[in-house]
Amino acid sequence: MVDNPIQELSTDEAWELLGKGAVGRLAVTVGGHPDIFPVNYYAGEGRILFRTAEGTKLSELVVNENVAFEVDSYDGDAGWSVVVKGTARILSRNDEIAAADETPLSPWIPTIKYNYVEIAAGNITGRRFQFGPEPERYPV
């Protein structure tokens with residue numbers, strides 16, 4: 001049995017793991033209806049960037065800038081999860097777009113994605129998990 005199967009991560013540890021990830025999940029809410037989208041991303045300098053084409057995701061971000069972003073990973077023995085809550089905005093200034101073009105972010109599928117979206121982290125939390133069998137539910 002594992003003594004402490006859940007470990008809280010520091011902010012620095014959470015950002016380090018975000019930087020190692022490739023695909024995250026963007027959660028948005030518009031009109032009381034949640035939506036979630038997988039996106040490839042870049043994390044660095046205290047922000048998360050992703051690219052997107054016009055469509056539902058972009059429209060919903062314009063209506064409500066408050067988002068959650070989650071990244072995780074696991075293997076047979078352990079895993080981790082990082083959740084960022086913050087605000088999203090579409091980059092519009094030429095200098096911001098030029099700087100974003102310098103990051104290693106590029107679309108995974110062969111479509112044109114003109115829009116960069118930046119998530120400014122308001123809150124970041126993370127946990128590591130050690131997997132193992134469920135303890136005895138009703139010990140005698």
*Is there any salt bridge (Lys or Arg N to Asp or Glu O under 4.0 Å) pair reaching into residues 26-42, and which pairs are they, with sequence neighbours excluded?*
none
*Return the set of residues passing side chain to side chain donor-acceptor pair (under 3.5 Å) with Asp12 (not counting sequence neighbours), or none when no residue passes.*
none
*List for me each residue that meets side chain to side chain donor-acceptor pair (under 3.5 Å) alongside Asp101, sequence neighbours excluded, and say none if there are none.*
Tyr116
*Mind checking the CH2-CD spacing from Trp80 to Gln7? Nearest 0.5 Å is all I need.*
13.5 Å
*asked:* Under the ring-ring contact (aromatic ring centres under 6.0 Å, His included) definition, can you give me all pairs with a residue in residues 25-74, not counting sequence neighbours?
replied: Tyr41-Phe69
*Can you pull the side-chain hydrogen bond (donor to acceptor under 3.5 Å, both in side chains) pairs that have at least one residue in residues 56-68, sequence neighbours excluded?*
Thr52-Lys57, Asn64-Asn66
Which side-chain N or O atoms in residues 13-27 pair as donor and acceptor under 3.5 Å with protein atoms at least two apart or in another chain?
from, atom 1, to, atom 2, distance (Å)
Glu13, OE1, Ser10, N, 2.7
Glu13, OE1, Ser10, OG, 3.3
Glu16, OE2, Lys20, NZ, 3.4
Arg25, NH1, Glu70, OE1, 2.9

*Could I get the full list of salt bridge (Lys or Arg N to Asp or Glu O under 4.0 Å) partners for Arg127, not counting sequence neighbours?*
Glu8
*Under the salt bridge (Lys or Arg N to Asp or Glu O under 4.0 Å) rule, collect the residues that match up with Asp75, sequence neighbours excluded.*
none
_Partner set under side chain to side chain donor-acceptor pair (under 3.5 Å) for Thr111, not counting sequence neighbours_ = Lys113
*Looking only at heavy atoms, what is the nearest atom pair of Leu61 and Ala88, with distance?*
CD2-CB, 3.8 Å
*Quick one: side chain to side chain donor-acceptor pair (under 3.5 Å) partners of Glu54, sequence neighbours excluded?*
Asn115
*For Arg93, check side-chain contact (heavy atoms from CB on, under 4.5 Å) against everything at least two apart and list the hits.*
Asp95, Glu96
*Do Arg128 and Ile6 come within less than 4.5 Å of each other through their side chains, counting heavy atoms only?*
no
*Return the minimal non-hydrogen interatomic distance between Ala100 and Thr103, and the atom names on each side.*
O-OG1, 2.7 Å
*Any chance you could pull the hydrophobic cluster mates of Val30, using side-chain heavy atoms under 4.5 angstrom and chaining through other members?*
Val63
